[in-house]
**Q** 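First the structure, then my questions, so here it is.
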Amino acid sequence: MNSIEYFKEHFDQLQLIDKQSGLESIRQRSFIELAEKGIPTVRNEEWKYTRISSLFNKEYDFPVDAVEVSENDLKAIRLPGHEEANELFFINGNFSPVYSNIRSADLITMPLEVAAKNEYSEIVKKHLGHSSHYLKDGINALNTAFVHGGVFIHVQKGKAPEHPVYIYNITDARSVNILAQPRSLVHISKNAQVQIVETYTTLGTSASFTNQVMEIIVEQDAMVEYYKIQNDASHASQVSTTHIRQVGKSFTHTVTISLNGDIVRNNLNVIMEADHCEAHLYGLYFQSGKTHVDNHTVVDNKSPHCLSNQLYKGILNDDATGVFNGKIFVRQVAQKTNAYQSNKNILLSEGATVNAKPQLEIFADDVKCSHGCTVGKLDEEGLFYLRSRGVSEKMARALLVQAFAVDVLEHIKPTAIRHYVDQIISQRLEFPIPLDEDLI
Amino acid sequence: MLSIKNLHANVEGNEILNGINLEIKAGEIHAIMGPNGSGKSTLAAVLAGREDYDVTEGSVEFLGKDLLELSPEKRAGEGLFLAFQYPVEIPGLSTTNFIKTAVNEVRKYRGQDALDAVSFLKLMKEKMAMMEIDKTLISRPLNEGFSGGEKKRNEVFQMAMLEPKLAILDETDSGLDIDAIRIVANGVNKLRNKDNAVLVVTHYQRLLDYIVPDFVHVLYNGRIVRSGPKELALELEEKGYDFIKNEIPIVETV
């Protein structure tokens with residue numbers, strides 16, 4: 001289906017169905033871009049190690065409405081802490097208000113089509129599609145060309161919802177192949193704070209491909225914590241873009257945890273557009289089987305006195321492959337930038353590989369920037385030390401892997417989510433959950 | 001308890017142990033002394049099961065079992081403990097969780113039930129008091145950023161928790177000031193009883209002022225060239241290792 005004609009057919013249908021939302025023109029522009037650029041191949045430098053063209057060898061449904069899922073399905077999908085959290089559901093790429101549950105009055109959510117026409121239309125007009133300035137490829141254009149059924153999330157000025165926002169991306173591939181394209185625009189007003197947690201779940205065994213774009217605007221004195229938890233089925237692939245604009249002096253904290261999926265590509269962009277912005281980007285990928293995970297980060301310093309810190313750690317087993325590509329731009333005006341980046345990898349098997357590439361483009365002369373990257377095996381000295389105390393080799397490996405992951409995991413601040421991730425990792429390592437330190 | 005017969009071991013083709021014979025009985029303290037490069041640490045490592053060394057000849061029997069056939073973790077399960085000369089720093093691994101895992105793994109090996117959180121904490125508090133270990137030490141990641149003295153105290157604390165039959169102290173005194181040596185030695189002495197034994201590997205005599213050995217053995221060029229009572233250590237301290245070197249002809253092995 002890697003033909004523009006195929007997309008064109010669906011595109012024309014969508015333009016006919018949704019004529020009134022005011023999103024037709026951005027779709028039109030993006031479709032032209034998609035037609036020009038096509039789906040990226042490995043000849044594209046940004047996609048050198050991640051081959052998604054194979055995902056387009058089959059036909060997918062392009063659902064334009066959220067389908068129904070059962071209570072039982074939801075029960076299995078919901079994250080711990082959901083009783084209190086604000087929950088938003090995307091089903092097959094479409095926002096589903098029926099299942100969603102916003103408990104905090106500090107949060108306003110509505111279909112993107114609605115926001116595009118009411119008092120939020122200026123925000124939508126200004127920010128929707130900004131990611132295309134950084135992701136100049138057909139895959140980003142593909143999402144925007146089909147922007148429909150998206151959500152607009154607005155955190156009110158000076159407010160901080162007590163509980164996180166959980167966003168579930170569900171792909172129901174029980175009967176047909178599904179291409180799901182969730183889209184969201186998040187606006188965090190001045191002096192507001194929010195925690196966002198996103199997960200991805202595929203139901204059924206047909207092909208599942210999620211091409212997601214979330215754009216987040218962070219106003220002055222606002223704070224956002226964003227957690228992406230990827231533990232989807234081994235046959236489910238995704239390209240997941242999170243594009244953050246810090247338009248005022250603000251603070252962002254993102255943690256990307258990738259634990260399973262067929263081909264997973266994450267684009268995380270942080271654009272620092274005001275003085276004294278601060279951004280922390282953490283990532284952990286722990287993959288096995290034949291899975292592939294690619295983290296592309298961009299930190300663009302467009303203003304002086306900003307600080308960014310990146311720590312991405314990878315554990316790769318079996319024939320899994322990992323990619324880390326971290327780009328830091330420091331524009332000429334962005335004096336006194338502090339930008340740090342570190343990527344550390346452990347390969348647990350002969351078949352596992354990782355490609356790491358830092359890219360620094362610095363045009364200012366008074367900055368502090370650093371990057372570092374390591375690839376190694378589990379420490380043999382450490383293994384012997386643990387084994388000499390009676391710990392079996394398997395358990396010793398598990399302890400070392402867990403220890404390696406800790407300095408990323410400890411940045412997951414919502415405790416229920418931290419425990420949830422710890423549990424998945426412990427299960428994978430066949431290792432009992434650690435003792436609660438508070439007991440001592 | 002431990003019976004080493006004609007033990008030969010090499011690393012990357014270089015013979016380091018050259019026919020060691022040693023008998024240790026329950027209740028005894030043995031000291032192995034020797035100059036740098038004599039094979040002291042190699043002997044400790046071979047006994048604990050480090051895989052970098054190839055045993056080419058000889059046998060080691062520990063409590064009736066062929067020690068050399070056992071993996072490092074099984075040796076620990078059988079009751080062997082090696083206090084490392086350079087304990088490994090493992091950032092991200094909590095000392096408490098590690099010790100709990102080790103204690104329960106050893107208990108499992110010995111056919112005992114795992115300790116629940118409450119019993120484990122009770123045991124730990126008891127041993128912490130006995131070893132004069134501060135809570136802040138074990139709430140930190142394993143050995144990370146520990147001073148030399150803290151690392152060694154942590155080793156002896158783990159020893160107390162695992163209650164080994166035979167404890168091997170590999171240069172436990174190296175890098176420690178006299179106060180730290182005293183604390184570590186006190187810990188070891190408190191753990192002594194008629195059913196266990198200690199093998200102290202050291203370059204200097206000073207540790208032996210605090211952990212008083214029943215027998216002293218001098219290791220040189222991979223073999224024990226002299227054994228004697230604790231006074232032998234004093235003699236070595238006084239005369240230096242040169243007198244051994246001069247006395248003992250170097251035996252070339254074929």
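In what follows, chains are A, B, ... by sequence order, proteins preceding strands, each numbered from 1. Only heavy atoms go into these numbers, but all of them, side chains included; no hydrogens, no water, no symmetry mates.
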**Q** Rounded to the nearest 0.5 Å, what separation is found between the OH atom of B:Y86 and the CD atom of A:E381?
**A**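 Rounded to the nearest 0.5 Å, the OH-CD separation comes out at 11.5 Å.
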**Q** Quick check on A:L409 against chain B: is it the side chain, the backbone, both or neither that has a heavy atom closer than 4.5 Å?
**A** neither
**Q** Mind ranking B:P87, B:G77, B:G92 by heavy-atom pairs under 4.5 Å with chain A and telling me who comes out on top?
**A**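 Answer, by heavy-atom pair count under 4.5 Å with chain A: B:G92.
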**Q** For B:D113, does the CG atom have more than 12 heavy-atom neighbours from other residues, nucleotides or ligands under 6.0 Å away?
**A** no
**Q** Heavy-atom pairs under 4.5 Å with chain A are the metric here; pick the option from B:V88, B:V106, B:V103 that has the most.
**A** B:V88
**Q** Check whether A:E393 gets within reach of chain B through its side chain, its backbone, both or neither, counting any heavy atom under 4.5 Å.
**A**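 When you check distances to chain B, atoms from both the backbone and side chain of A:E393 fall under 4.5 Å.
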**Q** Evaluate whether atom NZ of A:K344 has more than 12 neighbouring non-hydrogen atoms of other residues, nucleotides or ligands under 6.0 angstrom away.
**A**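 Counting other residues, nucleotides and ligands, NZ of A:K344 stays at 12 neighbours or fewer.
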**Q** Evaluate whether atom NZ of B:K108 has more than 12 neighbouring non-hydrogen atoms of other residues, nucleotides or ligands under 6.0 angstrom away.
**A**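 Open: at most 12 neighbouring heavy atoms sit under 6.0 Å from NZ of B:K108.
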**Q** When heavy-atom pairs shorter than 4.5 Å are enumerated against chain A, which of B:N104, B:V118, B:T101 gives the highest number?
**A** B:T101
**Q** How close do B:A76 and A:G390 get, heavy atom to heavy atom, and via which atoms?
**A** CB-N, 3.3 Å
**Q** What part of B:L142 lies closer than 4.5 angstrom to a heavy atom of chain A: side chain, backbone, both or neither?
**A**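 Answer is side chain: those atoms of B:L142 sit under 4.5 Å from chain A.
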**Q** With rounding to the nearest 0.5 Å, note down the distance linking OH in A:Y385 to CD in B:E155.
**A**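 Going from OH on A:Y385 over to CD on B:E155, the span is 3.5 Å.
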**Q** Counting only N and O atoms by type, is there a donor-acceptor contact under 3.5 Å from the side chain of A:Q402 to the main-chain atoms of B:L93?
**A**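 It does not hold such a pair.
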**Q** For chain B, find which of A:S392, A:A405, A:A396 contributes the most heavy-atom pairs closer than 4.5 angstrom.
**A**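 When all of A:S392, A:A405, A:A396 are compared, A:S392 has the most.
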**Q** Using only non-hydrogen atoms and a strict under-4.5 angstrom cutoff, which residues of residues 50-59 of chain B touch chain A?
**A**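 The stretch touches chain A at B:R50, B:E51.
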**Q** Counting only heavy atoms not in A:K357, do more than 12 sit closer than 6.0 Å to its NZ atom?
**A**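 Enclosed: over 12 neighbouring heavy atoms sit under 6.0 Å from NZ of A:K357.
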**Q** Considering non-hydrogen atoms only, spot the tightest contact between A:A403 and B:P91 and give its length.
**A** CB-O, 3.5 Å
**Q** Can you confirm whether more than 12 heavy atoms, excluding those of B:E12, are under 6.0 Å from its CD atom?
**A** no
**Q** Which label fits B:F84 and A:F384: parallel for a plane angle under 30°, tilted from 30 to 60°, or perpendicular past 60°?
**A** tilted
**Q** So which bits of residues 159-172 of chain B come within less than 4.5 Å of chain A, counting non-hydrogen atoms only?
**A** B:L162
**Q** What part of B:A114 gets within 4.5 angstrom of chain A, counting heavy atoms only: side chain, backbone, both, or neither?
**A**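 Contact with chain A: none, neither part.
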**Q** Using a strict 4.0 Å threshold on nitrogen-to-oxygen distance, state whether A:R387 and B:E105 make a salt bridge.
**A** no
**Q** First locate atom CG of A:D379, then atom CD1 of B:I90, and finally report the distance between them rounded to the nearest 0.5 Å.
**A** 7.0 Å
**Q** I'd like to know if the side chain of A:R389 and the backbone of B:L82 have a donor-acceptor N/O pair within less than 3.5 Å.
**A** yes
**Q** By a 4.5 Å heavy-atom criterion (distance strictly below it), what part of B:N143 contacts chain A: side chain, backbone, both, or neither?
**A** side chain
